[in-house]
S.K.: 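Okay, handing you the structure first.
Chain identifiers are assigned alphabetically (A, B, ...) following the order of the sequence lines, protein sequences preceding nucleic acid strands; residue numbering begins at 1 within each chain. In this text, all values refer to a predicted model and were calculated from it rather than measured experimentally.
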Protein chains: 2
Amino acid sequence: MQNSFTEENYLKIIHSLSGRDGAEVSTNALAESTSTRAASVTDMLRKLADKGLIHYKKYQGVTLTETGEKVAIKVIRKHRLWEVFLVEKLGFGWDEVHDIAEELEHIPSEVLVEKLDAFLGHPRFDPHGDPIPDAKGNLTEPDYRILTDVQVGEKVLMMGVLDHAPSFLQHLDRSGITLGSVIEVREINEYDKSASVQINGGQTLFISLEVSKNLLVQRR
Amino acid sequence: MQNSFTEENYLKIIHSLSGRDGAEVSTNALAESTSTRAASVTDMLRKLADKGLIHYKKYQGVTLTETGEKVAIKVIRKHRLWEVFLVEKLGFGWDEVHDIAEELEHIPSEVLVEKLDAFLGHPRFDPHGDPIPDAKGNLTEPDYRILTDVQVGEKVLMMGVLDHAPSFLQHLDRSGITLGSVIEVREINEYDKSASVQINGGQTLFISLEVSKNLLVQRR
DNA sequence: ATATATTTTTAGACTAGTCTAAATTTTTTA
DNA sequence: TAAAAAATTTAGACTAGTCTAAAAATATAT
């Protein structure tokens, strides 16, 4: 039984809204994320439930079944591998690849994914620092901290972003912050909670709270 | 105005059935090639005509408009570039790439195609010897000969295939014939019109008329 | 705890792409 | 050149995915 482009997208979105704990996802949240109306979501949920891909009880929200989870993770694996390809091989910026990967992730063919993975050297992370599930479907989210949780005086490594919006990524580019950058938190401004940080031991700049909330970092 | 996956396929197929002279293509031929019914083809033809992509008069067959031709050639360009990628970079066999490229060819994004083209080193031919249209849409079909037109005693270069069926390509693999092979026609068998040929100055073997008809060759 | 607000589902409809069966047009053939 | 055959189009219907409007269920707030 083959899943459609649209079905795969629902599963992927349920996965991401569901979070690590596999919490229930609401119809409205899905309508928001899929840019459709709640009524359309309900229709699709009945269909996915019939196919055994989600647990669904009317009015109670949904969670993925084990099968549904597997499908979702395969799509995520493909999405992230294609993003690596687009950035590493074709020279796209990390702010340019999301929409194209949204299309490529639905190309069917197990062998294509595995050959692509090998060609890319079995990367563990995509250009935004998101972990790439392995061929068996194991997806281990590394427990990065958010920059807002870093103490003044700490030096950390920039490992990923929570927001993938092109405008946010371009802002980071202009700030000279990329994956692997060393960020030292120098001071937190009482007034607006912005942070003074030093990047790679060089330039010092202000990072707004909004930005800090979307930066994933790790102890060095 | 964006064309759908299905519309692009119709245009591509009309292009290929239409041939170099841009001859009219019949509804039935399209039904055959698209694996649909004639009635469905008629519906789609009305739609493509409304969009200005084909010239269509009821019962008279169709030809591509200039716009339709451009769209078709873009799809062909993408198909052939992806095939090069799959064979050259991912290590697929030339008999394995057609179906995957059928999907990839519909991924939208001009910049993706151009970056892919550059990454591949601006290849002029795909893994089956078919010419790749350039970014401007210029598609020059080289005038290869068919092996059946080669005289006994001539040595030619194998440049492409007319049949892309996996079984045919696998048969060539087993015969040791690939793009660039030197083929010397030694003898034509009166009985079944099969040809005795020598490959790369080495092994001599029989090629059936069926096979000869599908081999494109060039004077060395 | 009951009224109000919010969320979700149902009902009925629309588009794209397909189908079958029947009608029509074109082509072939005798 | 008229009848038969073949090709094509029309008519009406189906599925997937979406919509709006209205009904029903759940949550919230006095």
S.K.: Can you find a side chain N or O atom of Thr36(B) that sits less than 4.0 Å from OP1 or OP2 on dT18(C)?
M.R.: no
S.K.: Select base, sugar-phosphate, or nothing to describe what Thr27(B) touches, counting heavy atoms under 4.0 Å on all strands.
M.R.: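 Contact class for Thr27(B): sugar-phosphate only.
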S.K.: dA16(D) C1' sits how many Å from Asp43(A) CG, rounded?
M.R.: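 It works out to 10 Å between those atoms.
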S.K.: So, Asn9(A) and His106(A): side-chain donor and acceptor under 3.5 Å apart, yes or no?
M.R.: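 A donor-acceptor contact under 3.5 Å links the two side chains.
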S.K.: Quick one: Glu24(A) CD to dT7(C) P, roughly how many Å, whole number?
M.R.: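 It works out to 17 Å between those atoms.
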S.K.: To the nearest angstrom, how far is Leu45(A) atom CG from dT10(C) atom C1'?
M.R.: 14 Å
S.K.: Answer yes or no: does a side-chain N or O of Tyr59(B) lie under 4.0 Å from OP1 or OP2 of dA23(C)?
M.R.: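 Result: no.
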S.K.: Between Asn28(B) and dA6(D), is there a contact of a side-chain N or O with OP1 or OP2 at under 4.0 Å?
M.R.: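 Negative; the distance criterion is not met.
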S.K.: Can you tell me how far P of dT18(D) sits from CG of Leu30(A), to the nearest Å?
M.R.: 12 Å
S.K.: Between dT10(D) atom P and Met44(B) atom CE, what is the distance in whole Å?
M.R.: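 Answer to the nearest Å: 16 Å.
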S.K.: Under 6.0 Å from the ring centre and within 45 degrees of the ring axis: does the NZ or CZ of Lys89(B) meet both conditions for the six-membered ring of Phe119(B)?
M.R.: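 Flagged: Lys89(B) positioned over aromatic ring of Phe119(B).
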S.K.: Hey, is the main chain of Gln151(A) close enough, under 3.5 Å, to the side chain of Glu154(A) for a donor-acceptor pair?
M.R.: yes
S.K.: Under 30°, 30 to 60°, or over 60°: which ring-plane class applies to Trp94(B) and His128(B), parallel, tilted or perpendicular?
M.R.: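 Parallel.
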S.K.: Quick one: is Thr42(A) getting a side-chain N or O under 4.0 Å of the dT9(C) phosphate, OP1 or OP2?
M.R.: yes
S.K.: How close or far is atom C1' of dT15(C) from atom CG of Asp50(B), stated in whole angstroms?
M.R.: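 Computing the Asp50(B):CG to dT15(C):C1' distance gives 14 Å.
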S.K.: Using a heavy-atom cut-off of under 4.0 Å over every strand shown, decide if Phe5(B) touches base, sugar-phosphate, or nothing.
M.R.: nothing
S.K.: Can you measure Glu7(A) atom CD to dT15(D) atom C1' for me and round it to whole angstrom units?
M.R.: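 These atoms are roughly 12 Å apart.
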S.K.: Ignoring backbone atoms, test whether Arg37(B) places a side-chain nitrogen or oxygen under 4.0 Å from the OP1 or OP2 oxygen of dT18(C).
M.R.: no
S.K.: Is there a side-chain polar atom (N or O) of Tyr56(A) under 4.0 Å from OP1 or OP2 of dT9(C)?
M.R.: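 Indeed, a polar side-chain atom of Tyr56(A) lies that close.
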S.K.: Look at the side-chain N and O atoms of Lys58(A) and state whether any lies under 4.0 Å from the OP1 or OP2 oxygen of dT26(D).
M.R.: no
S.K.: I'd like to know if the side chain of His164(A) pairs up with that of Asp95(A) as donor and acceptor (distance under 3.5 Å, no hydrogens or angles considered).
M.R.: no
S.K.: Figure out the CD/P separation between Gln2(A) and dA16(D), and round it to whole Å.
M.R.: 14 Å
